[in-house]
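To keep things clear, I will list the structure first and then write my remarks on it.
Any value given below was found using the heavy atoms of this structure, including those in side chains, with hydrogens, waters and symmetry copies removed. All chains are named by letter (A, B, ...) in the order of the sequence lines, taking the proteins before the strands, and each is independently numbered beginning at 1.
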Number of protein chains: 2
Amino acid sequence: MSVGIRHDDLRRRNRAMVISAVRRAAHPSRTEIAATTGLSHSTISAISSDLIEEGVLAESKPSEPGSFKRGRPQVGLSLNPEAATVMTVVLSLNFLSVAVIDYTGQVIAEEQRRLDTLTMNREALVGACIAIVRRRLEDADLDVRGIARIALAIQGVTDTHARAMLWSPITPHTDIPFADVLEEEFGIPAIVENDCNMMAVALRWRDPQRYRDDFIAVLLSHGIGMGLVLKGELFSGTHSSGGEFGHMIHRPDGALCRCGRRGCIEAYAGNYAIWRNASEMGEEAEPVDVGDAEMRVLAATAREKDGPEREAYRKAGEALGFGLGSLFALVDPAPVAMVGVSAAAFDLIEPALREAIAQTAGGQHSKSISFDTEPNELPLIREGCAMRALTFVDEQIFAPGVQARAGVAGKNVA
Amino acid sequence: MSVGIRHDDLRRRNRAMVISAVRRAAHPSRTEIAATTGLSHSTISAISSDLIEEGVLAESKPSEPGSFKRGRPQVGLSLNPEAATVMTVVLSLNFLSVAVIDYTGQVIAEEQRRLDTLTMNREALVGACIAIVRRRLEDADLDVRGIARIALAIQGVTDTHARAMLWSPITPHTDIPFADVLEEEFGIPAIVENDCNMMAVALRWRDPQRYRDDFIAVLLSHGIGMGLVLKGELFSGTHSSGGEFGHMIHRPDGALCRCGRRGCIEAYAGNYAIWRNASEMGEEAEPVDVGDAEMRVLAATAREKDGPEREAYRKAGEALGFGLGSLFALVDPAPVAMVGVSAAAFDLIEPALREAIAQTAGGQHSKSISFDTEPNELPLIREGCAMRALTFVDEQIFAPGVQARAGVAGKNVA
DNA sequence: CAGTGTTTTTTCGAGGCTCGAAAAAATGGG
DNA sequence: CCCATTTTTTCGAGCCTCGAAAAAACACTG
């Protein structure tokens with residue numbers, strides 16, 4: 001069942017720890033790393049000199065530029081930007097975006113493309129991804145071997161091993177093994193991740209103070225998604241992907257959801273749901289995709305006068321509030337980030353949301369629930385995706401298990 | 001943040017692993033342990049001879065009595081029953097139960113007592129627990145030092161560190177620091193755990209085949225509780241206790257719940273809810289405690305004729321079904337164990353439950369959801385509690401961190 | 001500008017742990 | 001009674017981390 005710790009694992013894990021400490025902090029000194037990891041100075045010294053020699057880390061100026069301290073000045077450690085390069089692919093509704101990222105997380109090159117994901121056939125969709133990746137590789141004048149990992153983020157359900165998209169609202173096709181396809185095509189290890197999970201990862205890197213061990217990222221867009229971090233770890237469902245928060249049941253036998261079921265949270269709070277409630281089309285109306293601009297107009301109208309538009313946002317708030325309340329019955333309250341177009345309309349949503357949450361088990365500790373908003377999800381998803389890919393490089397290439405070490409490290413550490 | 005692995009941790013963890021392997025399997029040989037842990041024979045040999053010398057393990061007959069294999073016969077390892085003794089305290093509605101357990105998990109002595117938990121004052125409740133523990137200690141002719149740990153299971157919300165009961169339906173009092181009280185009184189380290197979590201722990205020990213890495217234990221009793229195991233670990237809320245499944249919202253502004261809120265699952269599926277629906281008292285009726293015998297009569301009536309009783313169970317099933325469906329939107333479907341009086345009436349609950357679950361996101365994979373029933377929760381809770389206490393002994397006393405080692409191990413390893 | 005104090009980093013030997021190989025132990029089969 | 005077979009122990013090698021001490025690098029002082 002659980003496996004014992006071998007002697008070689010020790011170094012591996014501690015290497016990974018040093019790398020992650022350097023990635024997290026800005027130019028930490030060896031002494032600072034020793035303090036945060038709890039390892040001795042000698043160990044940190046040994047590991048970091050190894051890593052510098054291998055070209056993973058580099059020495060840089062100390063963290064505090066104006067340090068007027070007495071003794072020997074600290075030498076800051078930083079990631080070597082050229083240690084590895086990764087690629088991110090973000091596939092969302094009618095939109096495909098690719099970026100080449102250096103080892104420090106800086107964007108080297110990028111390309112974005114509109115495409116009609118809903119109507120494309122399977123081969124065209126997969127082909128579009130492959131084509132854009134290939135174009136970036138060629139344009140950036142990069143050797144295929146120069147890319148260490150590819151991470152693909154997609155809206156919908158992915159499998160446990162981050163290898164395939166099982167189901168997605170952006171395409172009628174199911175079970176597309178993107179990771180295998182990309183690996184076969186380019187020979188580069190690839191992973192497939194849920195977009196909301198990547199949002200959560202990005203939030204943690206952006207603001208580690210606020211988004212620390214426990215928090216929730218909710219995507220308010222066409223659909224409702226969620227990325228959940230509990231006890232410092234991404235909480236993905238055991239088999240498939242991130243929690244399908246949007247498809248928790250708000251009202252049994254309630255409004256028609258895009259997924260074909262009834263009463264889902266999304267059927268009240270998704271863009272299409274807000275839209276059809278605002279236009280008084282009824283809860284049975286076929287879900288339509290509404291543009292971001294139209295949603296902004298809708299929000300403006302709702303702010304202006306008390307009509308069906310305002311009521312639509314109220315209903316959305318209510319659904320989200322009861323949903324979060326039920327969620328908080330299971331996992332204790334935590335900070336929430338609202339992301340996506342409708343997050344820009346959170347002022348319209350919040351009152352009903354808070355009222356609903358107060359009527360639930362989560363309401364007791366409503367103080368610890370605070371909301372933050374971020375209207376633009378795409379940059380967030382890409383950032384998270386990049387960090388995910390880089391973390392894989394950190395762990396798999398630069399602090400690999402015994403078997404992987406010789407082979408992979410050899411060709412990537414240049 | 002995350003802490004590096006020290007060199008001493010290695011032995012500690014591997015010791016813990018060997019102990020747990022012996023506890024899990026029936027008389028495993030050293031070779032078998034080497035296979036399951038992935039450690040080398042030499043390491044297992046060294047660790048187990050240490051443990052035998054310390055009196056934690058003992059050699060016994062091989063696992064397969066009729067082993068006619070060729071070579072040197074395997075020597076089975078087993079736990080030394082006298083290595084340590086623990087105590088379990090289970091506090092439930094109007095009932096207090098204490099047991100003394102040896103290191104293998106066998107019950108040495110026990111005592112049970114009725115008491116009126118709902119009306120007792122705070123001091124009386126705490127005093128009753130102390131008194132029954134003291135009596136067991138004296139009767140069993142045990143030195144206080146002979147008990148290594150006390151584990152107390154209670155219905156309700158406990159704090160993260162397993163030290164206090166924060167809130168419970170069995171008493172009006174809140175924030176009772178049972179662990180501190182017991183430690184102060186007897187000088188024995190104590191922990192406080194949620195009853196449903198202990199049910200889940202026990203199920204895992206009873207049937208590791210079925211209840212392995214992911215499963216759900218649902219308590220169908222006065223209230224509705226849940227113990228959730230995900231990825232092989234008990235999933236407790238981040239701050240407080242196990243998921244308050246019973247207080248997820250089934251119908252916004254719905255039936256009156258014992259917790260004062262409206263529309264909770266419990267307000268449809270708790271004993272009192274089934275009772276008041278069966279007696280057609282309306283969903284506003286004040287919750288009353290219904291005896292187990294009365295519930296059994298109710299179930300029998302419901303089986304006999306199609307009246308309000310049957311409808312009450314149908315409503316309970318519907319609430320549980322939508323609740324599980326919402327849960328399965330977050331954590332992928334897993335086997336469910338229904339425990340408690342109303343689990344004996346699961347035949348009445350199941351049809352509506354399945355129908356509801358089919359209308360939710362969880363319904364897609366309904367194949368992987370299977371139900372098992374266990375009408376009697378008390379033995380399960382006590383078993384889980386015992387295993388919890390013993391696991392603590394395994395990890396904290398017999399495979400302790402560096403600082404704890406000298407002091408504690410000295411007086412307990414006899 | 002040399003000496004002193006302070007802090008960071010490296011060096012070095014000690015102690016522990018796990019591992020693989022070989023030896024020892026324990027048994028059935030011929 | 002010896003051999004084949006399997007389990008368990010023994011032993012030396014190789015790593016890894018640690019603590020202490022040394023070395024390095026700078027600020028401050030007079």
Would you say a side-chain N or O of [X] is under 4.0 Å from OP1 or OP2 of [N]?
| X | N | value |
| --- | --- | --- |
| A:R30 | C:dT10 | yes |
| B:T31 | D:dT8 | yes |
| A:N14 | D:dT17 | yes |
| A:S45 | C:dT10 | yes |
| A:R11 | D:dT17 | yes |

Let's test your reading of the model: under 3.5 Å, does the base of [N] pair with the side chain of [X] as donor and acceptor?
| X | N | answer |
| --- | --- | --- |
| A:S40 | D:dG19 | no |
| A:H41 | D:dG19 | no |
| B:R72 | D:dT7 | yes |

*Among D:dC15, C:dG29, D:dT10, the one nearest B:S42 by side-chain distance*: D:dT10

*If you check the A:P73 side chain, which of D:dC26, C:dT27, D:dC16 turns out closest?*
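The answer is D:dC26.
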
*Could you state the CZ-P distance from A:R6 to D:dG14, rounded to the nearest angstrom?*
17 Å

*Send over the distance from A:R12 CZ to C:dC17 P, rounded to a whole Å.*
21 Å

*asked:* With a 4.5 Å cut-off on side-chain heavy atoms, are B:F392 and B:I191 touching?
replied: yes

